Enquirer: 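Following this message is one structure expressed as structure tokens.
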Amino acid sequence: MFLFLAGVRLMEDRVVAVKVVNFTKRFGNFTAVNGLNLEIYDREIFGFLGPNGSGKTTTLLTIATVYKPTSGDIFVYGHSVTREDYEVRKLVGLAFQDPKALWVDKVQELLEWHARVVGFSRGEAKKVVREVLETLDLWEHRNKYFYQLSGGTRKKLELAKVLIQRPRLAILDEPTAQVDVPTKHKLWNIIKELRDQGSTVIIATNDMFEAEKVCERVGIIYKGRLVAVDTVSGLKDRIPKGDVIEIVIEGDGRKDKAIESLMDLGRVEYQGNTLRIYVEKGEEKALLAADILRSAGIKVKSIMVKEPTLDDVFMYFTGARLVEES
Amino acid sequence: MASSILVIASRDLKRFWSYKFWLAGQVVMNVADIVIFGLLFNNMVNRSLIPDYIKFVTPGILSLALFISSFSIGREVGVELRREVTDYLLSLPVSRLELVLGRFVGGAFRGLIYQSGFLVLAMLLVGQPSPAAWLVIAYTSILLSLAMSGLSIALSTVTRDFNLQATIRSVVYYMLFFFSNIFYPTQVVSMRFGPLAPFVAYSPLSIATTLYRWGFGYLRDVDVVSNMLLLGVWTIVLLILSSVIYLRNLTRRG
């Protein structure tokens with residue numbers, strides 16, 4: 001049974017599409033993912049949010065059976081990636097972060113071959129490839145070699161493979177990186193349609209806006225560890241003090257002393273000339289904060305009370321800023 | 001399973017035709033081998049050993065043509081490994097065995113199709129094979145192309161270092177090519193190579209060349225069955241070893 005609430009679809013009886021159990025992946029001495037436990041539900045769009053090198057791609061490639069877990073296991077609709085990798089691959093479609101092709105490959109030929117491999121007859125392959133190329137505005141590029149394509153077009157080519165396949169589990173590794181903003185919005189709609197037509201979708205991203213816009217639940221992954229999982233609004237609610245006062249200051253004055261005083265209001269983060277204070281009843285505390293700074297001889301350029309963003313959430317759970325880490 | 005293998009193989013076959021200039025160069029080289037070596041050497045070599053050098057070398061060029069074209073697949077497999085295109089192949093809904101066999105068959109198709117033109121040339125220059133001889137020729141071509149395709153694929157995945165990869169492939173390529181009876185008769189090989197002679201006589205390229213020479217009627221006294229069995233053993237050993245090496249290296253990072 002589904003409940004629709006503030007744009008977020010909540011499910012009471014949930015089928016688990018992907019179950020990650022104590023998953024660890026090491027490359028030599030480097031631990032890419034450490035003890036990951038997670039459940040991703042059928043027909044949801046789940047986002048892995050984290051900076052580059054956090055372990056997102058490693059996790060996705062292991063779900064797709066490209067890598068094997070060093071320890072632990074992952075189950076895709078009940079099939080183990082370690083023991084039933086072929087069964088898993090039949091259910092999974094993967095759009096890579098870095099598009100995979102050789103310079104001799106032409107767009108249409110590449111996709112028609114992909115369609116044949118995933119089970120379409122020759123005639124069906126031609127038809128479905130044409131449909132997908134037109135959907136993604138790639139038809140005019142159909143006879144181009146891979147090396148002639150721009151970065152954004154190559155990303156669309158990766159997504160095209162998944163759209164052809166319409167897999168039970170679609171894995172999209174940074175699907176809109178290098179893509180212009182209008183196209184991003186179009187691709188987000190296509191991804192939602194993919195879910196609506198029956199696919200479970202996992203997206204890896206370091207784009208907070210993308211995570212908020214597309215994902216029903218988000219897992220924050222940092223340095224190989226999953227630090228939080230929830231709906232976007234749920235994650236925001238988990239910041240104990242629900243408002244963020246953002247103050248841009250000018251001049252130093254008695255800055256350290258002022259910040260010390262602000263800590264009485266709530267947790268304070270300081271970057272460059274911007275202060276963020278995590279508080280309750282932000283409007284009341286903002287005035288107080290401004291008075292404290294003024295009395296310390298610090299000029300306030302701007303002051304704003306806002307709801308926490310996913311970046312604030314990321315900061316809260318990891319102590320690092322996603323934008324800077326990426 | 002068979003259809004998945006053929007679909008995988010079709011990709012490698014289609015790519016083969018993309019290398020038009022390389023192909024043109026190969027055809028010119030192989031035809032030149034027959035014409036130049038045939039015309040020049042015909043009057044230079046000992047006629048008691050080789051009565052007609054054109055008829056002698058043409059079946060050898062059949063082996064060579066098949067070898068070069070089947071072996072070409074390794075170059076792309078190496079590039080795929082370096083650019084991580086192999087990750088894409090590993091994510092496809094095919095079994096690992098289908099993937100490996102598909103690649104081997106893809107390389108073999110290249111060899112068989114490329115060789116077909118030279119088979120016609122051999123019929124014109126050397127002689128018409130009997131129906132039984134055609135079966136032996138077909139057997140030889142299928143096995144040699146599979147073995148060379150597998151070997152090339154396995155060698156190309158031994159390292160991701162492009163220079164080292166190219167060096168390894170070149171060394172093996174020239175070893176197989178020169179240490180064979182393609183250009184020299186077995187008697188001369190025995191005289192010149194001494195203790196290495198058996199390695200030359202029993203190399204897959206030499207065995208195939210002997211079978212082609214028999215098939216096109218150039219040689220009469222050939223133990224065809226033993227040679228066919230030996231080629232079968234070579235092929236099985238090379239394909240098993242290549243499968244293990246290719247799969248191990250393909251999934252090494254994972």
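Order of the sequence lines fixes the chain letters, A, B, ..., with proteins taken first and strands second; residue numbering starts at 1 for each chain. It should be emphasised that the depicted structure is a prediction, and the values quoted were computed from it without experimental measurement.
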Enquirer: Using modelled atom types only, decide if a donor and an acceptor are shared between the side chain of A/Arg89 and the backbone of B/Leu92 within a distance under 3.5 Å.
Expert: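 It does hold such a pair.
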
Enquirer: Any donor and acceptor pair, going by atom type alone, linking the side chain of B/Arg83 with main-chain N or O of A/Lys100 inside 3.5 Å?
Expert: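 Checked: no pair found.
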
Enquirer: Would you mind checking which part of A/Asp85 comes under 4.5 Å of any heavy atom in chain B, side chain (CB onward), backbone (N, CA, C, O), both or neither?
Expert: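 For A/Asp85, side-chain heavy atoms alone lie under 4.5 Å from chain B.
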
Enquirer: Which atoms of A/Lys161 come close to chain B, meaning under 4.5 Å heavy atom to heavy atom: side chain ones, backbone ones, both, or neither?
Expert: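 The side chain, not the backbone.
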
Enquirer: Pick from A/Ile171, A/Val118, A/Val117: which one has the most heavy-atom pairs with chain B under 4.5 Å?
Expert: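 Maximum pair count with chain B is reached by A/Val117.
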
Enquirer: Should the pair B/Arg15-A/Asp105 be classified as a salt bridge under the 4.0 Å nitrogen-to-oxygen rule?
Expert: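 Yes, B/Arg15 and A/Asp105 are salt-bridged.
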
Enquirer: Tell me, do A/Gln165 and B/Pro93 make a side-chain contact under 4.5 Å, heavy atoms counted?
Expert: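 In contact.
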
Enquirer: Take atom OH in A/Tyr86; do more than 12 heavy atoms of anything else shown fall under 6.0 Å from it?
Expert: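 Yes, the 6.0 Å shell around OH holds more than 12 heavy atoms from other groups.
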
Enquirer: So, taking the atom named OG in B/Ser10 and the one named CD in A/Glu112, what distance separates them when rounded to the nearest 0.5 Å?
Expert: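 The CD atom of A/Glu112 is 11.0 Å from OG of B/Ser10, to the nearest 0.5 Å.
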
Enquirer: Near B/Met175 CE, under 6.0 Å, is it more than 12 heavy atoms from other residues, nucleotides or ligands?
Expert: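 No.
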
Enquirer: Is it true that atom NZ of A/Lys192 has more than 12 heavy atoms of other residues, nucleotides or ligands lying nearer than 6.0 Å?
Expert: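 Yes, enclosed.
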
Enquirer: What is the minimum heavy-atom distance between A/Trp113 and B/Val7, and which atoms define it?
Expert: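 Looks like NE1-O, 2.6 Å.
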
Enquirer: How would you list, by chain and number, every residue that makes a ring-ring contact (aromatic ring centres under 6.0 Å, His included) with A/Tyr147, sequence neighbours excluded?
Expert: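 With sequence neighbours excluded, A/Tyr147 shows a ring-ring contact (aromatic ring centres under 6.0 Å, His included) to A/Tyr145, given in chain and number order.
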
Enquirer: So which part of B/Ile8 gets closer than 4.5 Å to some heavy atom of chain A, the side chain, the backbone, both or neither?
Expert: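 It is both, since atoms from each part get that close.
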
Enquirer: Hey, what's the ring geometry for A/Phe96 with B/Tyr88, parallel, tilted or perpendicular (30° and 60° as the breaks)?
Expert: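 The arrangement is perpendicular - the two ring planes meet at more than 60°.
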
Enquirer: Considering non-hydrogen atoms only, spot the tightest contact between B/Asp87 and A/Leu61 and give its length.
Expert: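 Heavy atoms only, the tightest pair is OD2-CD1, 4.4 Å.
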
Enquirer: Answer with side chain, backbone, both or neither: which region of B/Ser18 has an atom nearer than 4.5 Å to a non-hydrogen atom of chain A?
Expert: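 For B/Ser18, side-chain heavy atoms alone lie under 4.5 Å from chain A.
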
Enquirer: Sequence neighbours excluded, which residues qualify as ring-ring contact (aromatic ring centres under 6.0 Å, His included) partners of B/Tyr173?
Expert: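 Testing B/Tyr173 for ring-ring contact (aromatic ring centres under 6.0 Å, His included), a comparison that skips the adjacent residues, returns B/Phe67, B/Phe71.
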
Enquirer: Less than 4.5 Å to any heavy atom of chain B: does that hold for the side chain of A/Glu109, its backbone, both, or neither?
Expert: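 Side chain of A/Glu109 only, per the 4.5 Å heavy-atom cut-off to chain B.
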
